[in-house]
Amino acid sequence: EVRLVESGGGLVQPGGSLRLSCTASGFTLEDYTIGWFRQTPGKEREGVSCIAVGDDSTYYADSIQGRFTISSDNAKNTVYLQMNELKPDDTAVYYCAAMIYTGIFYVPMDGSLYDAWGQGTQVTVAS
């Protein structure tokens with residue numbers, strides 16, 4: 001069974017940092033693209049970053065470029081999203097999702113292409 005579990009969300013002040021983790025089970029990360037999406041009530045889901053773990057291709061949305069870094073630890077079957085210089089606009093529920101990697105790196109991100117999703121973790125940026 002493919003399963004994704006996010007962790008690492010919380011409350012942080014503007015300018016602060018958080019690291020989100022997405023731990024996978026039931027499949028090998030290297031065969032997948034793992035994406036981080038976020039959603040706020042009343043707004044469309046936004047794909048913020050993804051990584052094709054097998055070849056380290058990465059993508060960042062313009063809204064987080066230069067502030068967030070995606071990485072993977074294959075030994076731990078975990079993908080991380082390091083978030084620095086957080087802003088109130090980054091407040092959202094963050095979800096990780098998995099898509100089989102067929103050699104095509106689909107960017108900008110389209111959530112409908114992802115097959116498995118985690119339950120989400122809340123990130124709140126407020127003073």
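Please read all numbers here as calculations on a predicted model, not as lab measurements.
- Residues Tyr101 and Ala52 come closest through the heavy atom pair CE1-CB, 3.8 Å.
- Note on Trp117: it does not cluster hydrophobically with Trp36, by side-chain heavy-atom contacts below 4.5 Å among ILVMFWY residues.
- The closest side-chain donor-acceptor pair between Thr91 and Thr124, if any, does not fall under 3.5 angstrom.
- In this structure, Tyr60 and Thr69 have side chains that are in contact, with non-hydrogen atoms separated by less than 4.5 Å.
- Linking ILVMFWY side-chain heavy atoms closer than 4.5 Å, directly or via other members, places Val93 and Leu20 in two distinct hydrophobic clusters.
- For the side-chain contact (heavy atoms from CB on, under 4.5 Å) with Asp90, the lone residue among Met83, Glu85, Arg67 that qualifies is Arg67.
- Considering all non-hydrogen atoms of both residues, Ala61 and Gly47 come closest at CB-O, 3.5 Å.
- Looking at Cys96 and Val79, their side chains never come closer than 4.5 Å, going by heavy atoms from C-beta outward.
- Of all non-hydrogen atoms in Tyr114 and Gly35, the two that sit nearest each other are CE2-N, 3.7 Å.
- We find the OG-CE distance between Ser49 and Met109 to be 6.5 Å, quoted to the nearest 0.5 Å.
- Within the 4.5 Å cutoff, the side chain of Tyr95 has heavy atoms near those of the Glu6 side chain.
- Rounding to the nearest 0.5 angstrom, the gap separating the OG atom in Ser25 from the CG atom in Leu4 is 7.5 Å.
- Side-chain contact between Phe105 and Thr33 is present, with at least one heavy-atom pair separated by less than 4.5 Å.
- At least one side-chain heavy atom of Val123 sits less than 4.5 Å from a side-chain heavy atom of Leu18.
- Connection of Val48 to Val12 is established within a shared hydrophobic cluster, with ILVMFWY side chains joined at heavy-atom distances below 4.5 Å, either directly or through further cluster members.
- A ring-centre distance under 6.0 Å is not found for Tyr106 and Tyr59.
- Summarising the geometry, atom CZ belonging to Phe37 is positioned 7.5 Å from atom SG belonging to Cys50; distances are rounded to the nearest 0.5 Å.
- Heavy-atom minimum distance, Ser63 versus Glu46: OG-OE2, 2.6 Å.
- Shown here for Val2 and Ala116, the closest heavy-atom pair between the two residues is CG1-CB, 3.5 Å.
- Note that CD1 of Ile64 is 10.5 Å distant from NZ of Lys87, once rounded to the nearest 0.5 Å.
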Stepwise side chain to side chain contact (heavy atoms under 4.5 Å, CB included) test for Phe68 and Asn84: CA-CA 6 Å; Phe68 293 9; Asn84 298 329; over 6 Å; no
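- Here the OG1-CG distance, from Thr28 to Asn77, works out to 6.5 Å after rounding to the nearest 0.5 Å.
- A 4.5 Å side-chain heavy-atom check between Ile100 and Asp31 finds every atom pair outside the cut-off.
- How far SG of Cys22 is from CD1 of Ile51: 11.5 Å, rounded to the nearest 0.5 Å.
- Taking the side chain as every heavy atom from C-beta outward, Glu30 and Asn74 approach each other to under 4.5 Å.
- Considering every non-hydrogen atom in both Ser127 and Pro14, the closest pair reads N-CD, 3.7 Å.
- Side chains of Ser71 and Gln82: a donor-acceptor N/O pair is absent below 3.5 angstrom, by distance only.
- For the residue pair Asp73 / Thr78, no side-chain donor-acceptor distance below 3.5 Å is found, with atom types taken as modelled.
- Taking a 6.0 Å sphere around CZ of Arg45, one finds it holds more than 12 heavy atoms contributed by other residues, nucleotides or ligands.
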Would Tyr32 and Asp115 satisfy side-chain hydrogen bond (donor to acceptor under 3.5 Å, both in side chains), going step by step from the backbone distance to the final call? CA-CA 10 Å; Tyr32 282 75; Asp115 306 301; over 6 Å; no
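- For the pair Arg38 and Tyr94, the NZ or CZ position fails the cation-pi test of under 6.0 Å to the six-membered ring centre and within 45 degrees of the ring normal.
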